[in-house]
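Values below: all heavy atoms of this structure, side chains included; hydrogens, waters and symmetry mates excluded.
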Amino acid sequence: ELPIEPYALGVWLAAQDSDVAVTDPEVTMWLEGQGLSLPRLDELAAAHGITRQGVVPRQYLRAAPQQRRDLLAGLLDVIGDVDPSGAILLNTASRPMAQDLYEMLATLGVSAAMSVGPVRGRRRQATVRITFTSYEPVFRLHHKDVRHKEMWGRYAIGPAQQRFMT
């Protein structure tokens, strides 16, 4: 059993990394419904030896697939976005966290790309951007999930549209 619920840890890790406060009502309502808040997550993380150094704890990287997806959803709901082609973008200021997330995506069977550069709207000069595609839901936030479905649906070749030569 993991010491902190994976989605909550994902939100907390993203909040530690981002320059923007977690203010989305869906996220804060979910946290409150679990009896959590960011200050409470600070306490829980400290009590379990989870640091603010921008790394994903190993036990979460090796957790069950659904727990890894929940962790990813927490991160994406705070620092993730969808580009016009439907690709999912995750920007982090922490290279170690980017490497951990890249590894976690690979363990989930997701092919991702990593690049380094400035991101508009972020105070830090350089961030690491992870880009990947998925026809499965990856966000819990309704508005991000809808945007992903709308954008992805325009360009994607999903399983029902693929052709195989035999």
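With sequence neighbours excluded, no residue satisfies side-chain hydrogen bond (donor to acceptor under 3.5 Å, both in side chains) with Glu32. Every residue two or more places apart in sequence or in another chain that forms a side-chain hydrogen bond (donor to acceptor under 3.5 Å, both in side chains) with Thr107 is listed here: Arg68. Not a single side-chain hydrogen bond (donor to acceptor under 3.5 Å, both in side chains) links Arg69 to another residue, sequence neighbours left out.
Linking Ile, Leu, Val, Met, Phe, Trp and Tyr residues whenever their side-chain heavy atoms come within less than 4.5 Å places Leu101 and Val116 in a single cluster. Leu89 and Leu76 fall into different hydrophobic clusters, where Ile, Leu, Val, Met, Phe, Trp and Tyr are joined by side-chain heavy atoms under 4.5 Å apart, directly or via other members. Residues Leu72 and Met114 are members of one and the same hydrophobic cluster, defined by side-chain heavy-atom contacts under 4.5 angstrom among Ile, Leu, Val, Met, Phe, Trp and Tyr. A single hydrophobic cluster is not seen to contain both Val55 and Leu61; linkage of ILVMFWY side chains at heavy-atom distances under 4.5 Å, directly or through other members, places them apart.
The nearest pair of heavy atoms linking Thr131 to Ala87 is CG2-CB, 3.9 Å. When all heavy atoms of Leu108 and Pro65 are compared, the closest pair comes out as CD2-O, 3.8 Å. The heavy-atom pair separating Ala98 from Ile130 by the smallest distance is O-CD1, 3.4 Å. When every heavy atom of Thr133 is checked against every heavy atom of Val110, the shortest pair comes out as O-CG1, 4.1 Å. Leu31 and Ala8 make their closest contact through CD2-CB, 4.1 Å (heavy atoms, listed as atom of the first residue, atom of the second, distance).
Applying the side chain to side chain donor-acceptor pair (under 3.5 Å) definition to pairs two or more places apart or across chains, those involving residues 38-48 are Trp12-Asp42, Arg40-Glu43, Asp42-Arg52. Among pairs with a residue in residues 96-106, those fulfilling salt bridge (charged side-chain N to carboxylate O under 4.0 Å, His left out) read Arg58-Asp100, Arg58-Glu103, Arg62-Glu103, at least two apart in sequence or across chains. The ring-ring contact (aromatic ring centres under 6.0 Å, His included) contacts involving residues 21-47 comprise Tyr7-Trp30, where partners must be two or more places apart or lie in separate chains. Applying the ring-ring contact (aromatic ring centres under 6.0 Å, His included) definition to pairs two or more places apart or across chains, none involves residues 88-117.
A distance of 11.5 Å separates OG1 of Thr92 from CD of Gln16, quoted to the nearest 0.5 Å. For the atom pair CG (Leu75) and CE (Met104), the distance works out to 6.5 Å, reported to the nearest 0.5 Å. In this structure, the separation between CG on Leu71 and CG on Leu2 is 9.0 Å, given to the nearest 0.5 Å. Leu9 contributes atom CG, which lies 10.0 Å from atom CG of Leu44 (distance to the nearest 0.5 angstrom).
Side chain of Tyr60 to backbone of Gly10: no donor-acceptor contact under 3.5 angstrom is found.
Thr23 places none of its side-chain heavy atoms less than 4.5 Å from the side chain of Thr28. Residues Ile88 and Ser134 are in side-chain contact: their nearest non-hydrogen atoms beyond the backbone lie under 4.5 Å apart. For the pair Leu36/Ile4, no side-chain contact is recorded, criterion being any heavy-atom separation below 4.5 Å from C-beta on.
No side-chain donor from either of Asp17 and Ser94 sits under 3.5 Å from a side-chain acceptor of the other.
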**Message:** Walk me through whether Val11 and Leu38 qualify under side-chain contact (heavy atoms from CB on, under 4.5 Å).
**Reply:** CA-CA 9 Å; Val11 168; Leu38 288 177; 4.3 Å; yes
